[in-house]
Amino acid sequence: MAAKRVLLLCGDYMEDYEAMVPFQALQAYGVSVDAACPGKKVGDACRTAVHQPTGHQTYAESKGHNFALNASFDELDVPAYDGLVIPGGHAPEYLAMDEKVLDLVRKFSESKKPIASVCHGQLILAAAGVVRNRKCTAYPAVKPVMVAAGAKWEEADTMAKCVVDGNLFTAAAYDGHPEFISLFVQALGGTVTGSDKRILFLCGDYMEDYEVMVPFQSLQALGCHVDAVCPDKSAGDKCATAIHDFEGDQTYSEKPGHDFPLNASFDGVDFSSYDALVIPGGRAPEYLALDDRVLRLAKGFMDGGKPVASICHGQQILSAAGVLQGRKCTAYPAVKLNVVLAGATWLEPDPIHRCFTDGNLVTGAAWPAHPEFVSQLMALLGVKVSFA
């Protein structure tokens with residue numbers, strides 16, 4: 001059957017995770033995803049916003065990544081798509097006043113195609129008049145609008161809350177991505193096999209924001225058990241992340257990202273109980289590569305022939321662990337020296353979204369490579385998504 005095709009409805013200051021995680025996760029599963037924004041065209045970018053609770057009465061906001069669009073809004077053909085995804089953030093506040101946007105949403109609703117909306121994205125659904133007598137949830141602050149629009153409001157007891165009503169899938173926040181994306185994939189006719197896998201993420205402060213959350217939630221959405229650990233931290237602790245982006249300078253810029261919650265403790269981790277290891281990039285690998293406990297862990301996975309997926313600067317850890325001798329791999333270009341001195345054959349990441357598999361090792365150069373990165377790890381693990 002022809003590959004599924006989905007539309008991601010974008011706007012400036014949509015929430016960073018709520019755009020990129022479903023965008024790249026669905027691509028990793030073999031779904032074609034077009035990202036479009038009113039008033040913009042292919043090659044333009046949308047600014048994103050990092051929203052997260054910081055102990056105050058409402059969430060904090062800071063600047064996120066620049067999100068590159070791959071479709072032009074004025075050229076969209078609704079019948080060509082199998083589903084619609086609406087991220088939250090600030091963007092829905094003004095997109096809900098755009099008649100072209102509302103007409104597009106109504107067309108998806110009338111055709112009974114799956115619509116997945118998260119957080120503040122439901123403001124658009126309310127403005128389009130497609131939630132009357134429909135069960136749904138959203139970020140709590142959106143409740144008054146949803147109730148006024150005639151929705152059957154379901155309270156979000158946790159920010160991972162998801163609600164399904166026919167072709168409508170709503171979630172309270174990005175915490176719910178694993179279930180949210182899984183339900184959407186099922187609605188597209190997708191079936192997941194081989195997902196009984198246990199995967200370990202090796203985390204550290206100022207790892208790259210996308211490089212931890214995108215593969216983490218992508219694998220969870222498939223039904224895999226995923227643990228995230230960090231040396232000297234325990235389950236329930238958090239790691240600060242960094243947003244690395246290119247903004248016209250000679251190298252990437254860095255901004256604060258989301259705080260990433262760990263769900264397991266580093267002490268006592270037994271690599272033999274896991275099927276694979278994932279190493280995000282960012283700045284964390286610079287100092288994690290100096291930790292003998294981390295190097296033993298990485299060496300244990302590599303020597304055991306278990307899948308290891310490392311991206312960007314993560315290969316600094318593999319280089320320090322002495323496990324790249326005779327292997328073929330790539331990394332962020334600035335890490336080439338580490339890789340070559342470790343005895344590996346360097347594979348040029350051209351274009352930057354290229355990933356390579358050599359035996360049990362998957363390597364990528366940067367977060368634009370996530371669709372290939374996750375897909376190649378899935379292949380090593382025997383996890384498959386098939387669409388009817």
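Any value given below was found using the heavy atoms of this structure, including those in side chains, with hydrogens, waters and symmetry copies removed.
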For a side-chain contact (heavy atoms from CB on, under 4.5 Å) with V130, tell me which candidate from L168, V105, N167 qualifies. V105

Name all residues meeting the salt bridge (Lys or Arg N to Asp or Glu O under 4.0 Å) criterion together with E154; count only those two or more places apart in sequence or in a different chain, and write none if there are none. K161

Taking the side chain from D98 and the backbone from K100, do they hold a donor-acceptor pair closer than 3.5 Å? yes

So which of L318, V362, T363, L377 actually passes side-chain contact (heavy atoms from CB on, under 4.5 Å) with V308? L318

Do the side chains of F169 and V163 get nearer than 4.5 Å, heavy atoms only? no

When you group the ILVMFWY residues by side-chain heavy-atom contacts below 4.5 Å and let the links chain together, are M378 and V226 in the same group? yes

Any donor-acceptor pair under 3.5 Å from T241 side chain to M207 backbone: no

Is the gap between the ring centers of H65 and W367 under 6.0 Å? yes

Determine, stepwise, if the pair N263 / F216 fulfils side-chain contact (heavy atoms from CB on, under 4.5 Å). CA-CA 11 Å; N263 62 350; F216 186 81; 3.8 Å; yes

Under the side chain to side chain contact (heavy atoms under 4.5 Å, CB included) test, which residues partner A151, sequence neighbours left out? V131, C136, M146

Flag for D267-S265: side-chain donor and acceptor within less than 3.5 Å: no

Side-chain heavy-atom pair L297, R293 within 4.5 angstrom cut-off: no

Are F23 and L69 linked, directly or through other ILVMFWY residues, by side chains that come within less than 4.5 angstrom of each other? yes

Could you tell me if the side chain of F260 sits less than 4.5 Å from the side chain of C203, heavy atoms only? yes

For D227, give me all partners under side chain to side chain donor-acceptor pair (under 3.5 Å), at least two apart in sequence or on another chain. H225, Y274

The complete set of ring-ring contact (aromatic ring centres under 6.0 Å, His included) pairs with one or both residues in residues 25-55, sequence neighbours excluded, reads H51-Y59, H51-H90

D275 CG to C224 SG distance, which is reported to the nearest 0.5 Å: 8.5 Å

Output all residues satisfying salt bridge (Lys or Arg N to Asp or Glu O under 4.0 Å) with D175, sequence neighbours left out; order by chain, then residue number. none

Does the R134 side chain pair with the main chain of K152, one donor and one acceptor, at a distance under 3.5 Å? no

Is there any side-chain hydrogen bond (donor to acceptor under 3.5 Å, both in side chains) pair reaching into residues 302-311, and which pairs are they, with sequence neighbours excluded? K299-D303, S310-Q315

Residues two or more places apart in sequence or in another chain: which of them pass salt bridge (Lys or Arg N to Asp or Glu O under 4.0 Å) with E247? R47, K255

Answer yes or no: is there a donor N or O on one side and an acceptor on the other, between the side chain of K112 and the main chain of S109, under 3.5 Å? no

F373 vs V278, side-chain contact (heavy atoms from CB on, under 4.5 Å): CA-CA, chis, key distance, verdict: CA-CA 10 Å; F373 184 72; V278 176; 4.3 Å; yes

Any non-hydrogen side-chain atom of V383 less than 4.5 Å from a side-chain atom of L219? no

Checking the side chain of E211 only, and the main-chain atoms of G281 only, is there a donor and an acceptor separated by less than 3.5 Å? yes

Does a side-chain heavy-atom distance below 4.5 Å link P349 with P333? yes

For G88, is there any backbone N or O sitting under 3.5 Å from a side-chain donor or acceptor partner on E18? yes

Do S117 and Q122 have a side chain donor and acceptor closer than 3.5 Å? yes

Gap separating the CG atom of N66 from the SG atom of C46, nearest 0.5 angstrom: 9.5 Å

Between V6 and I181, is there shared hydrophobic-cluster membership here, with clusters defined by ILVMFWY side-chain heavy atoms closer than 4.5 Å? yes

Quick check on E75: does its CD atom have over 12 non-hydrogen neighbours (other residues, nucleotides or ligands) under 6.0 Å away? no

Is there any side-chain hydrogen bond (donor to acceptor under 3.5 Å, both in side chains) pair reaching into residues 135-151, and which pairs are they, with sequence neighbours excluded? K143-E155

Donor-acceptor under 3.5 Å (D44 side chain, K41 main chain): yes

To the nearest 0.5 Å, what is the distance between NZ on K233 and CG on D205? 3.5 Å

Derivation of the side-chain contact (heavy atoms from CB on, under 4.5 Å) call for D209 and Y17: CA-CA 9 Å; D209 200 17; Y17 280 166; 2.4 Å; yes

Using the side-chain contact (heavy atoms from CB on, under 4.5 Å) rule, take V229 and L200 through it: C-alpha gap first, then chi angles, then the decisive distance, then the call. CA-CA 7 Å; V229 300; L200 185 66; 3.8 Å; yes

Excluding sequence neighbours, so at least two apart, what forms salt bridge (Lys or Arg N to Asp or Glu O under 4.0 Å) with R354? none

Atom CD1 in I317, atom CG in L324: separation rounded to 0.5 Å? 11.5 Å

Within the structure provided, determine whether V101 and I124 are in side-chain contact (heavy-atom separation under 4.5 Å). yes

Is there a path of hydrophobic side-chain contacts, each under 4.5 Å between heavy atoms, that joins V269 and L262? no

Checking D16 side chain against G64 main chain: does a donor-acceptor pair fall under 3.5 Å? no

Is L277 reachable from V212 through a run of hydrophobic residues whose side-chain heavy atoms are each under 4.5 Å from the next? no

Within the distance-only criterion (no hydrogens, no angle test), does the side chain of R106 pair as donor or acceptor with the backbone N or O of A128 below 3.5 angstrom? yes

Who are the side chain to side chain donor-acceptor pair (under 3.5 Å) partners of D103, not counting sequence neighbours? K107

Sequence-distant partners of S195, side chain to side chain donor-acceptor pair (under 3.5 Å), two or more places apart: none

Contacts of F180 that satisfy ring pair (Phe, Tyr, Trp, His ring centres under 6.0 Å) - sequence neighbours left out: none

Tell me if a side-chain donor or acceptor on K197 pairs with a main-chain N or O of G223 at a distance below 3.5 Å. no

Aromatic contact between Y210 and H370, with the criterion being ring centroids under 6.0 Å apart: yes or no? no

Can E254 and H244 be counted as having a side-chain donor-acceptor contact under 3.5 angstrom? yes

Residue of the set K238, E15, Q52 for which side-chain hydrogen bond (donor to acceptor under 3.5 Å, both in side chains) holds with H258: E15

Separation of I279 CD1 from F201 CZ (nearest 0.5 Å): 10.5 Å

